[in-house]
Amino acid sequence: MTKIATWNVNSLRVRLPQVLDWLGTNQPDILALQETKLLDENFPQGEIEAAGYQVAYAGQKAYNGVALLSRSAATDIIRDIDGLDDDQRRVLFATCDRLRVLNVYVPNGENVESDKYQYKLTWLKKLTGYIRQQLVAHDRLVVLGDFNIAPEPRDVYDPELLEGQVLFSVPERTAFRTLLDTGLSDTFRLFNQEDKQYTWWDYRMMAFRRNRGLRIDHILASETLSKACVSCTIDKEPRRWERPSDHAPVIAEFR
DNA sequence: ATGGTAGAGGATCTA
């Protein structure tokens, strides 16, 4: 069994003790992190290796940044995807435990009128083209991370209020659907799930206490891997901790 | 009254 997880930590510097605690409790084989917000020279490699995990990372100053923590060594590591043409550190692609793993931090988009929203849609289109190519070569592909898109009305706390807003606009949801149509499954929806399960809650307005959240962090699997997927769950526990990330981890297991 | 909170970095920008 291979256990793989994703977690937007919103600063690895601040969240490192929580990440180490969570690794000890949950023992994943692979953990994909987003928003590390660290230069590579400041990555806490020693502390993570001391906890029994190897690391690969692609960071930058202040914003973005992704990392892959794994029990086994990751190989064939790619930090710059062909055709993405992006200076921001948002992707990390590697092979680990017989999986081809693509860790993504999709642009937030800010709001639907913003230039950053167009950047998000263009970025997703380029990523989708790349994934379409990669699925030809890799039948055991996992794409996971913070997609900054809630795919369906049941993935947001108030679909009427949020309709047309960033993270839940029709063009974003269509882009997500197009990505799945390359041959990926949203592993969370392979299983019967309780209602009102989310992965992100705004820090403001007591959103977590009121469960005003969105499901925007996902683990997508190729057809071969979908058949081998036995669970996908959201761990809300770290969101309850003192000084938490605004995102909860998502965990999938593969036979 | 365009809020409210968090992180980075040292004034705003991003989410």
Side-chain angles (χ1 to χ4, degrees), chain A residues 6-22 31-45 47-48 57-67 84 86-92 103-124 127 144-151 155-158 161-169 171-173 175-176 198-218 234-250:
Chain A
T6 178
W7 193 6
N8 179 323
V9 289
N10 185 19
S11 169
L12 184 56
R13 197 192 314 270
V14 171
R15 236 63 69 186
L16 180 62
Q18 296 186 20
V19 169
L20 296 175
D21 184 335
W22 194 85
L31 174 60
L33 301 177
Q34 303 86 36
E35 285 204 272
T36 55
K37 299 187 174 180
L38 287 166
L39 284 170
D40 288 347
E41 65 207 63
N42 297 327
F43 195 89
Q45 182 152 356
E47 290 95 324
I48 292 169
Y57 41 81
Q60 67 179 81
K61 192 176 176 180
Y63 303 115
N64 310 313
V66 285
L84 196 59
D86 186 14
D87 290 334
Q88 301 189 14
R89 301 293 80 184
R90 295 181 175 277
V91 296
L92 192 54
N103 177 13
V104 299
Y105 175 48
V106 176
N108 171 283
E110 189 180 30
N111 64 68
V112 296
E113 278 89 39
S114 170
D115 290 345
K116 293 203 271 288
Y117 180 77
Q118 289 308 318
Y119 162 63
K120 177 180 194 173
L121 292 177
T122 304
W123 196 95
L124 283 162
L127 180 78
L144 79 171
D146 177 1
F147 288 76
N148 271 314
I149 301 172
D155 296 315
V156 304
Y157 71 92
D158 187 339
L161 176 73
L162 297 173
E163 183 65 52
Q165 301 293 309
V166 74
L167 310 183
F168 190 57
S169 71
E172 291 166 275
R173 286 149 65 191
F176 189 81
Y198 311 119
T199 66
W200 172 81
W201 302 260
D202 200 299
Y203 283 121
R204 297 164 286 190
M205 314 277 284
M206 294 184 289
F208 182 67
R209 204 169 65 71
R210 301 155 77 185
N211 198 27
R212 291 168 64 122
L214 282 71
R215 193 176 70 90
I216 58 175
D217 301 86
H218 308 294
I234 299 164
D235 181 12
K236 280 175 75 173
E237 183 63 25
R239 190 63 179 78
R240 299 189 189 99
W241 294 345
E242 194 98 18
R243 212 178 175 192
S245 167
D246 43 355
H247 294 253
V250 183

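In what follows, chains are A, B, ... by sequence order, proteins preceding strands, each numbered from 1. Treat the numbers as computed from the prediction; the structure is a model and nothing was measured.
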Could you tell me which residues satisfy salt bridge (Lys or Arg N to Asp or Glu O under 4.0 Å) with A:Glu47, sequence neighbours excluded, listed by chain and number? none
Quick one: A:Glu172 CD to B:dA15 P, roughly how many Å, whole number? 13 Å
Which pairs, with at least one residue in residues 113-124 of chain A and sequence neighbours excluded, count as a salt bridge (Lys or Arg N to Asp or Glu O under 4.0 Å)? A:Glu110-A:Lys116, A:Lys120-A:Glu172
Send over the distance from A:Tyr117 OH to B:dT14 P, rounded to a whole Å. 18 Å
Is there a side-chain contact between A:Val19 and A:Leu31 (heavy atoms, below 4.5 Å)? yes
Spacing of the P atoms in B:dA1 and B:dT12 (rounded, Å): 24 Å
CG of A:Leu167 versus P of B:dT14: gap in Å, rounded? 16 Å
Protein-nucleotide distance (A:Tyr119, atom OH; B:dT14, atom P), rounded to Å: 11 Å
Any salt bridge (Lys or Arg N to Asp or Glu O under 4.0 Å) involving residues 201-214 of chain A? Give me the pairs, sequence neighbours left out, ordered by first then second residue. A:Asp202-A:Arg204
Any side-chain N or O of A:Arg90 less than 4.0 Å from the OP1 or OP2 oxygen of B:dT14? no
Expressed as a whole number of Å, how far does the P atom of B:dG9 sit from that of B:dG4? 24 Å
From CD of A:Glu113 across to C1' of B:dT2 the rounded distance in Å is 14 Å
Please report the distance, rounded to the nearest Å, between CD in A:Glu35 and P in B:dC13. 18 Å
A:Asp217: partners by salt bridge (Lys or Arg N to Asp or Glu O under 4.0 Å), with sequence neighbours left out: none
Is any NZ, NE, NH1 or NH2 atom of the basic residue among A:Glu41 and A:Lys61 found under 4.0 Å from an Asp or Glu carboxylate oxygen of the other? no
Base, sugar-phosphate, or nothing: which does A:Tyr105 touch, judged by heavy atoms less than 4.0 Å apart? sugar-phosphate
Could you check how far CG of A:Asp115 sits from C1' of B:dT14, rounded to whole Å? 15 Å
Those residues at least two apart in sequence (or on a different chain) that pass salt bridge (Lys or Arg N to Asp or Glu O under 4.0 Å) with A:Arg90 are none
When every nucleotide of nucleotides 4-12 of chain B is labelled 5' to 3' by its protein contacts under 4.0 Å (heavy atoms), B for base, S for sugar-phosphate only, - for none, what sequence of letters results? BBSBSS---
Between CD of A:Gln60 and C1' of B:dC13 the distance, given in whole Å, is 13 Å
